[in-house]
Novice: 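Handing you this structure, nothing more for now.
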Amino acid sequence: MTILDGRKVSNDIKNEIAEEVKQMKANGEKVPHLAAVIVGTDGASLTYVGSKVRACERIGFESTMVRLSNTTSEIELLDKIEELNNNEDIDGFIIQLPLPRQINTQRVLMAVNPDKDVDGFHPMNFGKMALDMSTFIPATPFGILELLDRYGVETDGKHTVIIGRSHIVGRPMSILMGRKGFPGNSTVTLTHSHTKNITQITSQADIIISALGIPRFLKAEMVKDDVVIIDVGITRVPDDSEKGYYITGDVDFENVSKKASYITPVPGGVGPMTIAMLLKNTLLAREQHRKHNR
């Protein structure tokens, strides 16, 4: 069994990007600039955005954090997005989700300029991805593809089962794993909360990508020998420890890992890859803007 080490691979990617940024500076070029908009004081969101800002500093990107209060109106947020769309110094930006109840998330994501949508959430970018056109791939699916690629996990002709159909992970992964090329060319089954006899399906899978958010949902008896497991889930489960919780994924790691050929740990698997690929998308955005401005 091989651990798909997201921490190691994400560090490799950051080092590679840092080298590119160093070269850009040496050539007198503008370095990539990533902005993040956070509305409210959600602890997990603040931690996540903070880690993005630190990652930018480490690799030599410029970064801007836009913090807005919990009472920010939809109009005020849309005005801020328009400002970022028109700011030529900013190559890409993200809107940290979830947003407060008074704001329509879909309307906000639609307002982001697709050329700066480094999260890959805009319908134009999602549509391009579905049509195999060059675009920003959502960071978590992009990270999963990169892990499979760098570890040389065979996907051609394999049966890939996706658990969960979110717009951020499940649905894009179902498209990407079925596309031509590597990683891809697999036969995909997309399962979700209404799927009947899910064990019957997962037990036939060569590759399982679980993004359900139910702690230790996938048990050893639900998978076959030599399965490849990508665990996207991350849940805080309360316990009696000093911290008051432990972190686990969708997969019963201890038992499933005994049958798997490859498996991602939680934490340290898909999570670190998400930030690395967001930086990669920002680098791609900078390159596109440079070509456009020639």
Side-chain angles (χ1 to χ4, degrees), residues 1-6 8-10 12-13 16 119-192 195 197-212 218 222-233 249-251 256-257 259-265 269-274 276-278 280-281 284:
M1 185 270 293
T2 301
I3 295 282
L4 297 171
D5 189 341
K8 181 195 175 299
V9 175
S10 69
D12 290 346
I13 292 165
E16 290 160 14
D119 255 339
F121 291 163
H122 193 283
M124 185 181 288
N125 288 327
F126 198 97
K128 283 182 173 181
M129 178 196 68
L131 292 169
D132 266 351
M133 296 167 70
S134 177
T135 190
F136 299 120
I137 297 173
T140 300
F142 197 5
I144 293 168
L145 293 180
E146 195 71 16
L147 269 181
L148 294 171
D149 185 8
R150 295 202 180 211
Y151 277 90
V153 177
E154 187 56 63
T155 61
D156 198 297
K158 301 295 183 183
H159 181 198
T160 297
V161 171
I162 318 278
I163 306 176
R165 55 180 168 182
S166 75
H167 294 164
I168 294 171
V169 182
R171 204 166 296 181
M173 280 316 304
S174 70
I175 294 166
L176 293 163
M177 291 302 288
R179 67 180 181 170
K180 289 181 179 177
F182 174 75
N185 278 334
S186 66
T187 301
V188 180
T189 302
L190 179 62
T191 68
H192 44 77
T195 301
N197 304 320
I198 194 164
T199 297
Q200 196 178 335
I201 298 167
T202 56
S203 61
Q204 297 171 10
D206 302 304
I207 301 167
I208 298 175
I209 300 169
S210 185
L212 198 60
L218 193 71
M222 297 172 71
V223 306
K224 67 179 185 180
D225 289 338
D226 294 328
V227 67
V228 175
I229 300 286
I230 306 290
D231 189 352
V232 187
D250 286 356
V251 178
V256 172
S257 62
K259 296 176 82 170
S261 55
Y262 295 89
I263 190 168
T264 59
V270 174
M273 293 299 297
T274 299
M277 302 322 285
L278 178 69
K280 185 90 169 169
N281 273 344
L284 293 170

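These numbers were taken from a predicted model, which means no experiment stands behind them. Index from 1, following the sequence.
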Novice: For the residue pair Leu4 and Pro265, what are the closest heavy atoms and their distance?
Specialist: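 The pair with the smallest heavy-atom distance is O-CD, 3.4 Å.
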Novice: Does Ile3 reach the side chain of Ile263, with side-chain heavy atoms less than 4.5 Å apart?
Specialist: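 Result yes, sub-4.5 Å side-chain heavy-atom pair found.
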Novice: Mind running side-chain contact (heavy atoms from CB on, under 4.5 Å) on Ile175 and Met129 for me, showing each step along the way?
Specialist: CA-CA 8 Å; Ile175 294 166; Met129 178 196 68; 3.9 Å; yes
Novice: Going by distance alone, is a donor N or O of one side chain under 3.5 Å from an acceptor N or O of the other, for Ser186 and Thr155?
Specialist: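 Ser186 vs Thr155: no donor-acceptor pair found between side chains.
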Novice: Step by step, would you call Arg150 with Ile13 a side-chain contact (heavy atoms from CB on, under 4.5 Å)?
Specialist: CA-CA 11 Å; Arg150 295 202 180 211; Ile13 292 165; 3.5 Å; yes
Novice: Given side chains that start at C-beta, do those of Ile207 and His159 come closer than 4.5 Å, heavy atoms only?
Specialist: no
Novice: Just how far is it from atom CG of Leu147 to atom CZ of Phe142, taken to the nearest 0.5 Å?
Specialist: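 Leu147 CG to Phe142 CZ: 12.0 Å, rounded to 0.5 Å.
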Novice: Roughly how far, to the nearest 0.5 Å, is the CG atom of Asp5 from the CG atom of Asp12?
Specialist: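 The CG atom of Asp5 is 9.0 Å from CG of Asp12, to the nearest 0.5 Å.
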Novice: Any chance you could measure Ser203, atom OG, to Lys224, atom NZ, to the nearest 0.5 Å?
Specialist: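 Here the rounded value is 9.0 Å.
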Novice: Determine which pairs satisfy side-chain hydrogen bond (donor to acceptor under 3.5 Å, both in side chains) with at least one residue from residues 123-132, sequence neighbours left out, and list them in order.
Specialist: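 Checked against side-chain hydrogen bond (donor to acceptor under 3.5 Å, both in side chains) - neighbours excluded - the pairs reaching residues 123-132 are Asp117-Asn125, Asn125-Thr135.
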Novice: Suppose we screen for side-chain contact (heavy atoms from CB on, under 4.5 Å). Which residues come up paired with Asp156, at least two apart in sequence or across chains?
Specialist: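 Once residues adjacent in sequence are excluded, the partners of Asp156 under the side-chain contact (heavy atoms from CB on, under 4.5 Å) criterion are Glu154, Asn185.
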Novice: If every non-hydrogen atom of Ile229 is compared with every non-hydrogen atom of Ala260, which pair is closest and at what distance?
Specialist: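 Scanning both residues, the minimum pair turns out to be CG1-CB, 4.3 Å.
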Novice: Find the distance between NE2 (His192) and OG (Ser166) and round it off to the nearest 0.5 Å.
Specialist: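 His192 atom NE2 to Ser166 atom OG measures 12.5 Å (nearest 0.5 Å).
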Novice: List for me each residue that meets side-chain contact (heavy atoms from CB on, under 4.5 Å) alongside Leu190, sequence neighbours excluded, and say none if there are none.
Specialist: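 Leu190: side-chain contact (heavy atoms from CB on, under 4.5 Å) contacts with Ile162, Arg165, Ser174.
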Novice: Measuring from Ile163:CD1 to Met222:CE, what's the distance to the nearest 0.5 Å?
Specialist: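 Going from the CD1 atom of Ile163 to the CE atom of Met222 covers 6.0 Å.
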Novice: Can you measure from CD1 (Ile209) to CD1 (Ile230) and round to the nearest 0.5 angstrom?
Specialist: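 Between Ile209 CD1 and Ile230 CD1, I get 6.0 Å after rounding to 0.5 Å.
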Novice: Dump the intermediate steps for side-chain contact (heavy atoms from CB on, under 4.5 Å) on Met277 and Leu145, then the final yes or no.
Specialist: CA-CA 10 Å; Met277 302 322 285; Leu145 293 180; over 6 Å; no
Novice: Please give me the minimum heavy-atom distance between Phe136 and Asn281, naming the atom from each residue.
Specialist: CE2-O, 3.3 Å
Novice: So, for Ser10 and Ala276, which heavy atoms are closest and what is the spacing to 0.1 Å?
Specialist: CB-CB, 3.8 Å
Novice: Where is the tightest heavy-atom contact between Ala139 and Thr274, given as atom of each residue plus distance?
Specialist: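 Of all heavy-atom pairs spanning Ala139 and Thr274, the closest is CB-O, 3.4 Å.
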Novice: If you compare all heavy atoms of Thr202 against all heavy atoms of Ile208, which two are closest, and at what distance to 0.1 Å?
Specialist: O-CD1, 3.7 Å
Novice: Whether the Ser261 and Asp226 side chains hold a donor-acceptor pair (N or O, under 3.5 Å, no angle test) is what I'd like checked.
Specialist: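 Distance-only check fails for Ser261 and Asp226.
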